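Step one of this worksheet: look at the structure below.
This one's a predicted model, so the numbers in the text were calculated from it and none came from an experiment.
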Amino acid sequence: MVSDITNSRIFRRRSSTFTDPTNVLAIHELRSRILQDPATSLKHSSDDIHRIRHEDWWLDIFLSSVNYDVDIAYAIILECLKWRKNFEVDRISLLSLKPLLDNQLMYLHQKDLQNRHILWIMMNKYKNGDDGFEKLFTFWMERHYMEYKGCQPLTVFIDMSGTGLKNMSFDAMKFVIHSSKYYYPNAIESIIIFENPAILNASWKVIGSWLESSAANQRHDLLTFVTKLSVTHYIPKSHLLEHQGGTDTFKFTMDELAKCLPPPPPPKPSPKLIQQRMHSIDDTTNNNVTEFDFSSFQKRNVKFDEESTTKRAPSISRRSSRGPKGRKSHIPPALRPLIENRVNAPNDDWSSNDFVSITPRDELRLEKLDGENDLLDVVLVKNQSSETPVMFKFKTTSPEKFRVRPSSGIVQPGGIEIIRVYLQYEYRHSWNKEKFLLLTMESSSTDLDSFSENFKTALNKAEFKFKCKLSENVKLDQPEERRSSFLLQQQQQSIMKDGFSFAGVNINMPIIIIVLLLFLMFQFFYILQMRSDNALLRETLVSLSNQIKDTNSHPEIISETVKTDL
């Protein structure tokens with residue numbers, strides 16, 4: 001069980017996250033993206049979907065591991081959800097793991113000098129190829145991770161004493177590292193390798209190379225090699241086993257496993273009891289609704305004056321989906337001033353109707369920001385309705401020049417979507433004729449693929465057109481410097497595909513191929529003709545040689561022939 005001290009530590013660690021409006025809005029954004037898929041309940045387990053709907057800490061763990069980049073966190077958590085269902089994390093059978101538990105292969109016990117729980121792995125109890133290692137590791141990680149809500153990273157102690165090549169498994173170690181990065185982010189603080197035999201040094205070098213080639217958020221100092229003399233720098237002697245140089249005589253048994261298991265969940269209430277509770281909640285809400293001044297709350301959120309932001313923090317965190325200030329958290333920090341400018345834009349820069357508000361009104365001003373190679377601007381879409389979602393689609397005249405994220409989506413009632421429009425840097429000199437169109441409509445549908453059909457018949461819909469301009473702080477290079485590496489590469493590809501230009505005349509590749517074939521044919525026939533002429537010359541020389549030989553052998557015949565002629 002988690003002690004009161006540990007609970008308070010977890011609360012303090014999470015409280016700063018959940019009171020920071022930027023983080024709260026990033027969590028809301030990640031949650032809405034996952035739940036927008038109508039097939040979510042079929043793709044993922046019901047327990048995981050319930051956790052996504054109601055537990056912010058789990059989403060915050062994935063976001064914090066990637067510096068609150070919602071795009072990356074969304075991709076990672078989808079893979080995690082898919083793995084959890086395929087691996088059946090919630091249905092791991094302890095009966096199948098009993099042989100490994102009885103053999104004391106892996107168990108949770110004691111803490112290190114940093115007050116972190118220790119997961120002990122006795123590799124001399126494992127042989128390469130044995131089944132159950134991954135399930136047993138997942139069982140302990142799941143129990144600890146969910147109990148402490150990801151706030152208590154583990155120390156993994158891998159005891160390599162008495163092991164050899166038969167005990168080393170690359171697949172097992174790879175699963176440990178992969179799980180700590182993608183399935184249980186930030187769950188492992190360090191991995192201590194105890195008494196590693198020299199014959200396995202090369203194996204651990206390979207495993208270390210996986211860490212060095214991994215993403216930047218994966219710590220490269222995760223592995224620590226210790227011996228009996230140095231292990232006490234990390235784990236107290238009283239918590240080490242006797243063969244490890246300690247005084248602990250602990251042996252893991254099934255009774256210890258029972259202590260580690262969480263208490264069973266309370267029985268689910270009957271549908272009738274749930275209905276009675278809902279009526280009770282509704283009655284209480286209706287009785288107390290007049291006690292809260294909603295008008296002042298709404299005024300505080302829609303007025304963009306120069307009041308202190310500290311006074312607005314409670315209202316922003318309360319309505320995490322209805323204010324744009326924190327939305328910048330999932331994008332690079334360089335974009336934050338741009339987002340702030342859009343949020344605090346005067347009313348004249350907003351274009352509004354009964355159900356949606358848009359800013360800017362009619363013009364995108366592309367800017368060059370530090371850390372961004374492309375020119376960009378942002379568009380804010382705010383759903384004014386309190387009941388119906390707003391579906392949108394962003395179009396451009398040149399999709400090959402612009403990257404729009406997201407190009408379509410659904411804005412929940414009272415929510416805001418930030419659309420980022422990037423002009424790719426190689427097209428920075430061809431922006432002046434580009435235009436954009438933003439289509440919006442009220443719709444309860446979640447099928448974005450049928451947007452065009454639904455837009456034709458929608459009752460409440462609106463179109464917003466934008467022109468494209470460059471901000472004053474953008475300074476482009478001179479005309480003679482405009483040939484970027486991308487254009488050169490395109491030109492080379494064009495030459496390889498279509499041909500080349502010589503003396504101002506374009507020569508197509510098919511013509512070149514035909515000329516080469518004709519040349520080769522001419523060469524072939526020329527060689528044949530030369531061989532034929534050489535054969536004829538050879539025959540002539542042989543005949544002449546024979547005649548000379550005959551003449552030398554019969555000189556009287558030549559003399560008679562000459563007299564006759566005379």
I'd like to know if the side chain of Tyr68 reaches the main chain of Ile27, judged simply by a donor and an acceptor atom lying under 3.5 Å from each other, with no hydrogens or angles considered. no
To the nearest 0.5 angstrom, please state how far the CZ atom of Arg365 sits from the CD atom of Glu367. 9.0 Å
Kindly state whether the ring of Tyr184 and the ring of His144 have centres lying under 6.0 angstrom apart. no
For the rings on Phe436 and Phe402, is their centre-to-centre separation under 6.0 Å? yes
So does Val176 get a backbone contact from the side chain of Ser179, meaning a donor-acceptor N/O pair under 3.5 Å? no
Main chain of Ser408, side chain of Lys393: is a donor-acceptor contact present, judged purely on distance under 3.5 Å? no
Heavy atoms from other residues, nucleotides or ligands near NE2 of His50 exceed 12 (cutoff 6.0 Å): no
Quick one: does Phe394's side chain get under 4.5 Å of Leu437's, heavy atoms only? no
Here the gap from Leu364 atom CG to Lys435 atom NZ, rounded to the nearest 0.5 Å, amounts to 13.0 Å
Smallest separation among heavy atoms of Asp48 and Ser45, with atom names: OD2-OG, 2.9 Å
For Lys401, give me all partners under salt bridge (Lys or Arg N to Asp or Glu O under 4.0 Å), at least two apart in sequence or on another chain. Glu434
Which atom of Leu448 lies closest to which atom of Met391, heavy atoms considered: CD2-CG, 3.7 Å
Mind listing the closest non-hydrogen atom pair of Val356 and Asn353 along with its distance? N-OD1, 2.8 Å
Could you check if a side-chain atom of Val421 sits within less than 4.5 angstrom of a side-chain atom of Val378, using non-hydrogen atoms only? no
Does the distance from a Lys or Arg side-chain N to an Asp or Glu carboxylate O, for Arg420 and Asp377, drop under 4.0 Å? no
Is a donor on one side and an acceptor on the other found under 3.5 Å between the side chain of Arg116 and the backbone of Glu189? no
Can any side-chain N or O of Gln424 pair as donor or acceptor with the backbone N or O of Glu400 at less than 3.5 Å? yes
Across all chains, not counting sequence neighbours, the salt bridge (Lys or Arg N to Asp or Glu O under 4.0 Å) partners of Glu142 are Arg84
Which heavy-atom pair separates Lys368 from Asp374 by the least distance, and what is that distance? CD-O, 4.3 Å
Just do the side-chain contact (heavy atoms from CB on, under 4.5 Å) check on Lys395 and Leu439 with the steps written out, would you? CA-CA 8 Å; Lys395 296 184 177 182; Leu439 305 178; 4.0 Å; yes
Look at Glu363 together with Lys469 and state whether they make a salt bridge at an N to O cut-off of under 4.0 Å. yes
Anything under 30° is parallel, anything over 60° is perpendicular, the rest tilted; go ahead and classify Tyr183 against Phe175. tilted
Checking the side chain of Ser64 only, and the main-chain atoms of Ile61 only, is there a donor and an acceptor separated by less than 3.5 Å? yes
Taking only residues two or more places apart in sequence or in another chain, which ones pass side-chain contact (heavy atoms from CB on, under 4.5 Å) with Pro337? none
Between Asn454 and Ser450, do the side chains contain a donor N or O and an acceptor N or O under 3.5 Å apart? yes
Heavy-atom closest pair, residues Ile76 and Tyr182: CG2-O, 3.8 Å
Side-chain (Asn383) to main-chain (Val411) donor-acceptor, under 3.5 angstrom: yes
Nearest heavy-atom pair of Lys111 and Ile118: which atoms, and what distance? C-CD1, 3.5 Å
Does a salt bridge link Asp362 with Lys467, judged by any charged N lying under 4.0 Å from a carboxylate O? no
Would a 4.5 Å heavy-atom cut-off, applied to side chains only, mark Met141 and Leu154 as touching? yes
Less than 4.5 Å apart, any side-chain heavy atom of Leu438 and any of Ile358? yes
Quick check against the 3.5 Å criterion: does Thr359 have a side-chain atom that pairs as donor or acceptor with the backbone of Asp349? yes
Any chance you could lay out the side-chain contact (heavy atoms from CB on, under 4.5 Å) test for Tyr148 and His117, step after step, and finish with the verdict? CA-CA 11 Å; Tyr148 290 92; His117 290 81; 3.3 Å; yes
Side chain proximity check, Val390 to Phe355, heavy atoms < 4.5 angstrom: yes
